[in-house]
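Notes for the one structure printed next.
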Number of protein chains: 4
Amino acid sequence: MSAREKILKAADELFGEVGFDAATTREIARRSGVNKALIHYHFETKEALLSHVLDRYYGRLSETLNESIGAGDTVRERIVRMVDGYMDFLDANRNFSRIVQREASGGGNLERIRRHMKPLFEIGKRLLVETYPATRSGELAAEQLLITFYGMIVGYFSYDAVLEYLLQTDPLSPKNLAARKRHIVRVIDLVITAVELEAKQAGKAVKKKPKGRKNAAKR
Amino acid sequence: MSAREKILKAADELFGEVGFDAATTREIARRSGVNKALIHYHFETKEALLSHVLDRYYGRLSETLNESIGAGDTVRERIVRMVDGYMDFLDANRNFSRIVQREASGGGNLERIRRHMKPLFEIGKRLLVETYPATRSGELAAEQLLITFYGMIVGYFSYDAVLEYLLQTDPLSPKNLAARKRHIVRVIDLVITAVELEAKQAGKAVKKKPKGRKNAAKR
Amino acid sequence: MSAREKILKAADELFGEVGFDAATTREIARRSGVNKALIHYHFETKEALLSHVLDRYYGRLSETLNESIGAGDTVRERIVRMVDGYMDFLDANRNFSRIVQREASGGGNLERIRRHMKPLFEIGKRLLVETYPATRSGELAAEQLLITFYGMIVGYFSYDAVLEYLLQTDPLSPKNLAARKRHIVRVIDLVITAVELEAKQAGKAVKKKPKGRKNAAKR
Amino acid sequence: MSAREKILKAADELFGEVGFDAATTREIARRSGVNKALIHYHFETKEALLSHVLDRYYGRLSETLNESIGAGDTVRERIVRMVDGYMDFLDANRNFSRIVQREASGGGNLERIRRHMKPLFEIGKRLLVETYPATRSGELAAEQLLITFYGMIVGYFSYDAVLEYLLQTDPLSPKNLAARKRHIVRVIDLVITAVELEAKQAGKAVKKKPKGRKNAAKR
DNA sequence: GATGAATGAGCGTTCATTCAT
DNA sequence: AATGAATGAACGCTCATTCAT
């Protein structure tokens with residue numbers, strides 16, 4: 001492995017463990033076994049190093065998700081594949097969600113995260129809206145669904161340290177990860193069923209108002 | 001306002017804005033208009049200051065949620081009230097979710113967050129399990145549901161800066177917050193409907209509804 | 001002596017010895033016997049420390065020169081007193097001319113030096129112009145004279161290290177300083193005589209052209 | 001232009017602009033368009049690079065001054081030619097006086113400057129002493145005169161940035177340079193007249209003019 | 001002759017914290 | 001309760017220089 005790659009690897013790990021601010025170039029140098037100055041030779045600043053790490057992650061995530069969305073017969077299956085692919089990616093790159101988790105709250109890399117997320121968000125949105133008319137607006141609007149899906153998936157990884165304590169088991173063990181996947185797919189199925197039902201009712205709507213729905217919305 | 005309170009307020013804001021590590025005692029002193037050394041007089045260390053901020057938040061959140069869960073006729077209504085109360089709390093204390101977001105990934109305050117979350121998690125879990133037998137395990141197990149609910153709610157606040165860009169509108173505006181609430185409640189309704197349906201199907205299998213459970217949940 | 005003053009003294013010396021860029025805060029701390037961080041507590045940056053040193057010097061020089069120019073019966077005497085006062089000042093503050101020497105060539109403190117020199121320059125100029133009409137323009141214009149006087153005086157101090165080698169004696173010994181003073185006063189006398197002569201000839205000029213002068217100008 | 005020459009040129013410029021200490025090999029490499037390591041291939045150290053620049057300057061200055069001093073009928077004319085040549089040289093090599101200005105105050109190149117200046121100083125001294133007996137000692141001693149001439153000439157160039165502000169015009173414009181030259185020559189004329197007058201008065205005292213001296217000065 | 005990679009030393013600066021008052 | 005002064009440790013970063021190719 002080249003020194004450059006060793007630096008990237010060490011930085012990725014340290015950023016994930018303690019966060020960007022608490023990570024020091026000295027420790028990155030120590031872990032990667034290179035001279036401290038070499039970090040600044042390969043990456044202008046510590047910020048640039050983080051940017052590099054993030055760009056690499058998002059590049060690979062993008063590939064993964066685009067592959068997932070490409071395959072699959074039905075839309076539901078494609079969505080499930082995306083969930084699957086996303087979770088496998090976060091499983092294989094555990095620092096990623098932690099880094100994003102911290103940087104998304106503000107700071108110099110917020111803009112970078114925004115720009116990386118935008119196309120992924122748009123793809124998901126278009127897929128939902130074009131398939132399920134009921135997600136164009138309302139309680140199950142595509143935007144809301146995507147935020148919910150994202151929260152279900154990413155939250156599980158970025159809160160793993162807390163969950164370990166709450167659940168008294170390793171949330172990232174293969175068994176538990178599989179359970180989480182089944183849960184998420186189940187919730188997504190519930191939602192898809194609901195939006196499909198709405199579509200049907202909207203089709204009949206010339207005859208009948210979707211009365212039951214309205215009551216539910218009232219709480 | 002006492003110097004002590006001014007320090008807490010400034011620290012809370014700064015921790016929310018830039019995170020614990022990037023926050024400096026100098027800036028906290030500047031914002032609260034007190035001498036830097038006074039911070040250490042009132043709060044032993046910077047860590048202790050964060051602990052104080054967190055404890056205060058969790059104390060108030062606990063109260064809020066306990067009040068929410070207390071009122072309400074049906075369990076569904078009590079859940080909805082909790083969602084409502086939680087979101088209102090995060091809305092009124094916007095630094096809170098950001099601080100937790102960052103600290104939950106690790107660091108010295110992870111333990112603190114774990115301990116604060118545990119009772120809230122247990123209360124929610126008992127409520128679900130005692131009311132809906134189907135949440136005892138399986139795809140819609142109480143733990144999974146709580147993580148999902150938490151992700152739906154908290155993620156929305158802690159990713160507000162990113163969402164602002166993705167949605168091209170302020171996600172924390174009253175209008176958008178109300179829409180988010182409706183979405184979350186709707187998803188919860190879908191889930192409750194599902195677990196109730198499962199219970200009925202299970203009931204048919206053993207011929208009887210688990211009525212006693214419902215009484216137990218009321219406590 | 002307060003820590004602040006000890007720092008200023010050490011900084012002054014070191015800046016004079018090796019120049020601003022080669023001077024390190026570590027060495028300043030070492031020489032003044034204070035903690036390195038204390039330098040930044042009392043003086044924001046290393047630059048600010050230099051500015052402080054310079055301001056103090058120019059403040060004292062200003063006083064000195066204003067006192068010198070105030071006393072004295074004739075203008076010639078007042079000029080001589082200024083030369084005297086200036087040289088005594090540079091003798092007593094040997095780092096001063098070296099620091100100015102280096103900073104005047106450019107860098108962040110050029111502006112500061114410019115602003116300090118301006119009023120001194122204007123005072124000298126006014127004194128000359130109002131006393132000797134011949135210095136209003138021409139070969140012995142006040143500006144040229146002041147630059148020459150400045151070069152005669154300050155150059156002697158800032159090149160002392162070189163002069164020591166060229167003259168094979170300490171140029172700043174009391175004896176040599178006195179000799180330099182006599183030389184400078186003598187040259188100034190020659191110049192004053194010349195401008196007084198020009199004034200007289202200009203008075204007669206209605207009758208006769210200053211022919212000899214013109215030849216001299218031709219070289 | 002060879003890489004070596006490009007490096008020398010860039011170093012010369014940078015040393016003149018920011019001084020030796022603030023100049024970095026990185027910037028020299030950038031400006032000359034060569035690899036940083038190549039600088040150390042051609043010039044052992046950064047110090048050696050400065051030495052090269054200085055040696056080149058002094059070599060050319062020596063030539064210039066020797067040419068100037070060679071031509072001319074009278075000694076006065078030869079002196080004037082030297083002033084002319086010196087100022088033209090400083091005008092054509094503006095970094096030179098700035099570099100010398102900074103290095104003459106101390107540091108590793110002081111010795112080099114001393115050695116370069118020594119012969120020039122001795123030549124000037126001999127010329128004066130052999131021509132004008134009055135410069136052998138006293139208020140108008142040759143050493144004093146040379147320091148004064150040097151200060152008048154070099155100070156004008158090395159303080160150009162300050163003078164620009166004091167005079168509110170570019171001191172190095174052809175017009176202003178010409179004016180400075182006329183001033184300097186005029187002052188030198190005053191001095192020569194004075195030393196000649198002293199010689200005459202001394203001659204009267206011993207009845208005879210020191211004629212043989214003049215021949216000796218021609219060499 | 002030329003270069004990308006690498007390094008030890010050291011830079012100015014900032015940190016949370018302590019202390020004397 | 002409050003503060004100005006002080007400190008040891010560590011920060012990100014840059015330096016001139018070296019080395020292998």
Side-chain angles (χ1 to χ4, degrees), chain A residues 2-4 6-7 11 20-29 32-50, chain B residues 2-4 6-7 11 20-29 32-50, chain C residues 2-4 6-7 11 20-29 32-50, chain D residues 2-4 6-7 11 20-29 32-50:
Chain A
S2 74
R4 205 188 142 87
K6 281 193 284 186
I7 293 168
F20 178 76
D21 291 316
T24 70
T25 54
R26 273 162 182 78
E27 178 64 10
I28 294 171
S32 50
V34 306
N35 185 282
K36 205 180 11 146
L38 195 60
I39 294 174
H40 291 90
Y41 173 77
H42 284 294
F43 307 92
E44 206 108 310
T45 63
K46 192 181 149 194
E47 284 264 359
L49 186 49
L50 172 57
Chain B
S2 75
R4 205 188 142 83
K6 280 192 286 187
I7 292 168
F20 177 75
D21 292 314
T24 67
T25 54
R26 184 199 274 190
E27 178 64 9
I28 293 170
S32 51
V34 308
N35 185 282
K36 204 171 38 149
L38 194 61
I39 294 174
H40 287 86
Y41 174 80
H42 283 295
F43 306 91
E44 206 97 318
T45 64
K46 192 181 149 193
E47 284 266 358
L49 185 49
L50 172 58
Chain C
S2 74
R4 207 188 140 86
K6 281 192 283 187
I7 293 168
F20 178 76
D21 292 315
T24 69
T25 53
R26 273 162 181 79
E27 177 64 10
I28 294 171
S32 51
V34 307
N35 187 283
K36 203 176 18 141
L38 194 61
I39 294 175
H40 291 90
Y41 173 76
H42 284 294
F43 307 92
E44 206 107 313
T45 62
K46 191 181 149 194
E47 284 263 359
L49 185 49
L50 172 58
Chain D
S2 74
R4 206 188 140 84
K6 281 192 285 187
I7 292 169
F20 178 76
D21 292 314
T24 66
T25 53
R26 186 200 273 190
E27 178 64 9
I28 293 171
S32 51
V34 308
N35 185 280
K36 204 171 38 147
L38 194 60
I39 295 175
H40 287 86
Y41 175 79
H42 283 296
F43 306 92
E44 206 97 316
T45 65
K46 192 182 150 193
E47 285 266 357
L49 186 48
L50 173 57

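Chain A is the first sequence line, chain B the second, and so forth, proteins listed ahead of strands; every chain is numbered from 1. The structure displayed is predicted, hence computed values, not measured ones.
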Item to complete: Take A/S2 and B/A37, find for each the nucleotide of DNA chain E with the closest heavy atom, and name the residue whose nucleotide sits nearer the 5' end.
Response: A/S2

Worksheet entry | Closest to the C/L38 side chain, choosing from F/dT7, F/dA16, F/dT14 | F/dT7

Discussion item. Quick check for you: to the nearest 0.5 Å, what is the distance between A/H42 atom NE2 and A/S2 atom OG?
Written reply: 7.0 Å

Worksheet item: Considering all heavy atoms of both residues, which atom of A/H40 and which atom of A/E44 are nearest to each other, and what is their separation?
Response: CD2-O, 3.3 Å

Response to the item:
note: C/F20, atom CZ; E/dC11, atom C1'; distance rounded to Å ~ 12 Å

Worksheet item: If you round to the nearest 0.5 Å, how far is CG of A/L50 from CG of A/D21?
Response: 9.5 Å

Worksheet, complete the sentence: On DNA chain F, more 5' by nearest nucleotide between D/E44 and C/G33 is C/G33

Worksheet item: Rounded to the nearest Å, what distance is computed from the NZ atom of residue D/K46 to the P atom of nucleotide F/dT14?
Response: 15 Å

Worksheet item: Are A/Y41 and E/dA5 close enough that a side-chain N or O sits under 4.0 Å from OP1 or OP2?
Response: yes

Practice prompt. Measure the spacing between OG1 of D/T25 and CG of D/L49 and express it to the nearest 0.5 Å.
Written response: 9.5 Å

Discussion item. Tell me the interatomic distance from C/I7, atom CD1, to E/dG12, atom P, rounded to whole angstroms.
Written reply: 14 Å

Worksheet item: So, is B/T45 near the phosphate of E/dA16, with a side-chain N or O under 4.0 Å from OP1 or OP2?
Response: no

Item to complete: Indicate whether OP1 or OP2 belonging to F/dA10 is found under 4.0 Å from a side-chain N or O atom of A/R26.
Response: no

Worksheet item: For DNA chain F, which consecutive runs of 3 or more Watson-Crick or G-U pairs (each distance under 3.5 Å) count as stems?
Response: E:2-21 with F:2-21

Worksheet item: Please give, in whole Å, the distance from E/dA16 P to B/L50 CG?
Response: 13 Å

Practice prompt. Could you tell me the separation between the CG atom of C/D21 and the C1' atom of E/dG10, rounded to a whole number of Å?
Written response: 15 Å

Worksheet item: For A/H40 and F/dC15, is the shortest distance between a side-chain N/O and OP1 or OP2 below 4.0 Å?
Response: no

Item to complete: Pick base, sugar-phosphate or nothing for D/A23, based on heavy-atom distances below 4.0 Å to the nucleic acid.
Response: sugar-phosphate

Fill in: Under 3.5 Å: donor-acceptor pair, side chain of B/K46, backbone of B/I39
no

Worksheet item: Rounded to whole angstroms, how far apart are CZ on A/F43 and C1' on F/dT14?
Response: 18 Å

Worksheet item: Is D/K36 side chain donor-acceptor paired with the E/dT3 base, going by distance under 3.5 Å alone?
Response: no

Worksheet item: Where the side chain of B/H42 is defined as all heavy atoms beyond and including C-beta, which of F/dT7, F/dA5, F/dA2 is the nearest nucleotide?
Response: F/dA2

Worksheet, complete the sentence: Rounded to whole Å, the CG-P distance (D/N35 to F/dA20) equals 16 Å

Worksheet entry | CZ on C/R26 to NZ on C/K36, rounded to 0.5 Å | 4.0 Å

Fill in: Distance-minimising heavy-atom pair for A/A29 and A/N35
CB-C, 4.2 Å

Response to the item:
Ranking E/dG12, F/dT3, F/dT7 by distance to the side chain of C/T25, first place goes to E/dG12

Discussion item. Using every non-hydrogen atom in the two residues, find where D/V34 and D/I7 come nearest and quote the distance to one decimal.
Written reply: CG2-CG1, 3.8 Å

Discussion item. Please report the distance, rounded to the nearest Å, between CD1 in D/I39 and C1' in F/dT18.
Written reply: 14 Å

